[in-house]
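Everything quoted here is computed from the prediction, not taken from an experiment. Chain identifiers are assigned alphabetically (A, B, ...) following the order of the sequence lines, protein sequences preceding nucleic acid strands; residue numbering begins at 1 within each chain.
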Amino acid sequence: MVKIKQEHLEQLKKQINKNLPDVSCGAILGYTSDGITLIHSLLELENEQCEKRENRYLITPQQYMKAEETAENTNLELIGFYYSRTGGLAPGELDVKYAFPGFLYLAVSNKENKIKASGWILAETRKSFFNQDIEIITTEENILSHKMAIAV
Amino acid sequence: MRTIVYIPSPFLELTGRTRVVKIEGNTAGEVLDNLTQTFFPLRKHIYSDNGRLRSVVNVYVNEEDIKFLQDENTILKEDDVIKIIPTIAGGSQD
């Protein structure tokens, strides 16, 4: 289960619109415990893919380390990465090839200004993946109670 | 000589959530081999079935990718730090 704030979806929508037709991408920071992931913030990163940027994304090792450092400096966890899609949200062959178990991947589309998100985690065998349910949370009280639940 | 190795977030569950470890070895390859002996579940995520480093795993000695040094034969010096950095990429084949 992935819990995401409405404001994050708005942030994703803006980033996707700004970068069209290229794929947008970034890091997901937050908390995770007992199968629940709470997204605290999204760190927008440049798509460093040189070719086919409208279909593919690449995050450099330097950007990766920036995401790790940002998480550490803000007492958050680097819990995964997000990327935009113009087609379906199911992970494709390339997504699975480059994925690591232990990270959440969030595919996001913005068709007709309607944002959709789908989360998945690669299995330890690296041969399959698990879809993650997504819940949109709206209020700070919700977020605080989720944080406390995770902390317990 | 023991070298500091920085473990990236997706592997933390495989090292008991230890972020930084000190591992014996004179080359980058020796350190990685010893690391994956110490934390055996890491091995399949770092090495492919043929025993080579997986192409999606980047290994840096300080700020330099070992691909641009002597790869796994890169000789380590006192105070060097190894960072294991996963490649983050994806997209559709079109």
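- Considering OH of A:Y64 and CD1 of B:I88, their distance stands at 6.0 Å, rounded to 0.5 Å.
- Note: A:M65 CE to B:Y60 OH = 10.0 Å, rounded to the nearest 0.5 Å.
- Separating the NZ atom in B:K44 from the OG1 atom in A:T125 is a distance of 7.0 Å, to the nearest 0.5 Å.
- The line from OG1 of B:T87 to CD1 of A:I59 is 10.5 Å long, rounded to the nearest 0.5 Å.
- Within a 6.0 Å radius of NZ in A:K116, other residues, nucleotides and ligands contribute 12 heavy atoms or fewer.
- Hydrophobic cluster membership differs between A:M1 and A:Y31, with clusters built from Ile, Leu, Val, Met, Phe, Trp and Tyr side chains linked at under 4.5 angstrom.
- With hydrogens and angles ignored, the 3.5 Å screen pairs a side-chain donor or acceptor of A:R56 with a backbone N or O of B:S92.
- For A:E124, the parts sitting under 4.5 Å from any heavy atom of chain B are the backbone and the side chain alike.
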Discussion item. Before you tell me yes or no, could you show the steps for B:V57 and A:F100 under side-chain contact (heavy atoms from CB on, under 4.5 Å), namely the whole-Å CA-CA distance, both residues' side-chain angles and the distance that decides it to 0.1 Å?
Written reply: CA-CA 10 Å; B:V57 172; A:F100 285 84; 4.1 Å; yes
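- Residue A:Y57 touches chain B through both its backbone and its side chain, counting heavy-atom pairs closer than 4.5 Å.
- Under a cut-off of 6.0 angstrom, the local environment of NZ in A:K13 is crowded, with over 12 non-hydrogen atoms contributed by other residues, nucleotides or ligands.
- Hydrophobic clustering (ILVMFWY, side-chain heavy atoms < 4.5 Å, transitive): B:V59 and B:I75 are in distinct clusters.
- Counting heavy-atom pairs under 4.5 Å between each of B:R19, B:E13, B:R54, B:E63 and chain A puts B:R54 at the top.
- For a residue to count as touching a neighbouring chain, one of its non-hydrogen atoms must lie under 4.5 Å from one of that chain's; by this rule B:P8 touches chain A with backbone and side chain alike.
- Considering CG of B:L12 and CG of A:L78, their distance stands at 9.5 Å, rounded to 0.5 Å.
- Only the side chain of B:K83 comes within less than 4.5 Å of a heavy atom of chain A; its backbone N, CA, C and O stay farther away.
- For the residue pair B:P10 and A:F103, the shortest heavy atom distance occurs at CD-CZ, 3.2 Å.
- If you measure heavy-atom distances from A:E48 to chain B, you find no contacts under 4.5 Å at all.
- Of the inter-residue distances, the one linking A:I79 atom CD1 with B:S9 atom OG reads 10.0 Å to the nearest 0.5 angstrom.
- Within a 6.0 Å sphere centred on CZ of B:R52, heavy atoms belonging to other residues, nucleotides or ligands number 12 at most.
- Only the side chain of A:Q62 comes within contact range of chain B, judged by heavy atoms closer than 4.5 Å.
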